[in-house]
Participant: 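Quick one: this structure, given as C-alpha cells, is what I'll be asking you about.
Below, all heavy atoms of this structure are taken into account, side chains as well, without hydrogens, waters or symmetry copies. Each chain gets a letter, A, B and so on, in the order its sequence line appears, and its residues count up from 1.
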Amino acid sequence: DAKTTQPNSMESNEEEPVHLPCNHSTISGTDYIHWYRQLPSQGPEYVIHGLTSNVNNRMASLAIAEDRKSSTLILHRATLRDAAVYYCILRVPNSGGSNYKLTFGKGTLLTVNP
Amino acid sequence: DSGVTQTPKHLITATGQRVTLRCSPRSGDLSVYWYQQSLDQGLQFLIQYYNGEERAKGNILERFSAQQFPDLHSELNLSSLELGDSALYFCASSVRINTEAFFGQGTRLTVV
C-alpha cells in the first residue's frame, strides 16, 4: 500500500494559520490524496481531497506539490474546535479499479492554544 | 451530523457472548465500511460492502462477520467476544467506492 508520513503532533495558536504536512513519496498517478480529522470522542470527518491541483473548500485548503510527493493541509484560522487528529490518506485503487482502499495511519495530533 | 446512524451507541457484554452492531448509511450511499478503533491500534479497517456485495476485507477476525442488506443498511456481528474486542466500532458510507466517506458516531463496545 502507498504510505503517508505525518508528524506525530503539532501545536498552533488560535486564529493563526496552520499548515499540516504529509509526505507520500510512493504515490502513483491514480491515487487521490484525502484528509480526514477526528475530534475527541467522535467519528472521523472528511475534510478535503485532491488529485493534482490545489483545492479549497469551506473547511480548509489542500496544497499539492507539483511532483505530488507531498501535500499540505491548510487551516486558515485555527479555532479551538479544530483540535483533532488529522489523517492524510492515499485513496488507492486496486488492480482493475473496482475498489479504493481507505486506510488510516496514525495521523497528526493538532493542539490549538487559546 | 454526518447522516450515518449507528446503533446502539454503547454496549456492555460478557466474554463469550455475541452482539450485532447496526449501521444505516446516508440516504443514497451504496458503499458501507466498518472500522475498529482501540487505544493501541488506531483505526483499523475491517470490511467494505458496495450495494450488497463484499468489496474489501481488512483485519477482520473470523469471529466477526458482516453483511449489507437490500435496503443498504449493514450489520456487523461479533461472536465469542474477548476482552480485547473492547473498542469503538465505526461505520462509514459513501456514494460510490471512490468518493469521500462519512462516518457515524460509533458504537462503544465494552466486553467484561
Side-chain angles (χ1 to χ4, degrees), chain A residues 1-9 27-52 55-60 62 73 81 84-109, chain B residues 1-7 9-10 21 23-26 29-60 68 76 87-108:
Chain A
D1 284 354
K3 290 188 188 232
T4 62
T5 305
Q6 300 177 253
N8 289 335
S9 62
I27 193 170
S28 63
T30 52
D31 298 347
Y32 280 81
I33 302 159
H34 282 241
W35 283 82
Y36 285 76
R37 71 180 185 180
Q38 188 172 20
L39 280 64
S41 303
Q42 295 194 25
E45 176 186 29
Y46 165 78
V47 177
I48 199 166
H49 77 279
L51 184 62
T52 55
V55 184
N56 300 299
N57 67 19
R58 64 173 180 81
M59 287 182 71
L62 177 59
L73 179 71
R81 292 169 58 186
V85 178
Y86 286 78
Y87 298 97
C88 170
I89 299 163
L90 296 186
R91 193 125 205 209
V92 180
N94 64 0
S95 61
S98 65
N99 200 25
Y100 288 74
K101 281 188 175 183
L102 187 61
T103 305
F104 287 79
K106 295 195 181 305
T108 296
L109 175 62
Chain B
D1 181 7
S2 67
V4 178
T5 303
Q6 289 188 248
T7 56
K9 286 190 169 41
H10 302 275
L21 312 184
C23 171
S24 295
R26 293 187 323 155
D29 283 2
L30 298 177
S31 191
V32 169
Y33 315 74
W34 286 97
Y35 288 83
Q36 178 193 56
Q37 186 172 39
S38 53
L39 280 173
D40 56 347
Q41 291 291 326
L43 269 162
Q44 298 288 312
F45 169 68
L46 295 178
I47 199 164
Q48 179 198 8
Y49 283 84
Y50 179 76
N51 205 18
E53 288 185 8
E54 182 185 303
R55 276 302 182 95
K57 246 182 179 175
N59 301 322
I60 187 166
Q68 185 180 26
L76 179 67
L88 267 168
Y89 291 83
F90 288 105
C91 168
S93 73
S94 61
V95 172
R96 294 181 297 277
I97 56 173
N98 61 345
T99 54
E100 59 269 28
F102 295 86
F103 284 76
Q105 290 300 300
T107 293
R108 182 174 293 280

Participant: What residue in A/Lys106, A/His34, A/His49, A/Gln38 has the most heavy-atom pairs under 4.5 Å with chain B?
Facilitator: A/Gln38

Participant: Among B/Ser2, B/Ala101, B/Cys91, which residue forms the greatest number of heavy-atom pairs with chain A at distances under 4.5 Å?
Facilitator: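 The candidate making the most pairs under 4.5 Å is B/Ala101.
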
Participant: Of the backbone (N, CA, C, O) and the side chain (C-beta and beyond), which part of B/Gln37 lies under 4.5 Å from a heavy atom of chain A, both, or neither?
Facilitator: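 For B/Gln37, the side chain is the part near chain A, not the backbone.
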
Participant: Going by the rule ring pair (Phe, Tyr, Trp, His ring centres under 6.0 Å), which residues pair with B/Phe102 if we only count those two or more places apart in sequence or in a different chain?
Facilitator: none

Participant: Suppose we screen for ring pair (Phe, Tyr, Trp, His ring centres under 6.0 Å). Which residues come up paired with B/Tyr50, at least two apart in sequence or across chains?
Facilitator: none

Participant: If you count heavy atoms of other groups shown closer than 6.0 angstrom to CZ of B/Arg108, is the number above 12?
Facilitator: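 12 or below, so no.
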
Participant: For a side-chain contact (heavy atoms from CB on, under 4.5 Å) check, start with the C-alpha distance between A/Ile33 and A/Leu90, then their side-chain angles and the critical distance, and finish with the verdict.
Facilitator: CA-CA 5 Å; A/Ile33 302 159; A/Leu90 296 186; 3.8 Å; yes

Participant: Checking heavy atoms, do the side chain of A/Tyr36, its backbone, both or neither come under 4.5 Å from chain B?
Facilitator: side chain

Participant: Please rank A/Pro44, A/Gly43, A/Gly105 by heavy-atom pairs under 4.5 Å with chain B and give me the top one.
Facilitator: A/Pro44

Participant: In terms of the angle between their ring planes, are B/Phe90 and B/Phe103 parallel, tilted or perpendicular, with boundaries placed at 30° and 60°?
Facilitator: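 Perpendicular, since the angle between the ring planes exceeds 60°.
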
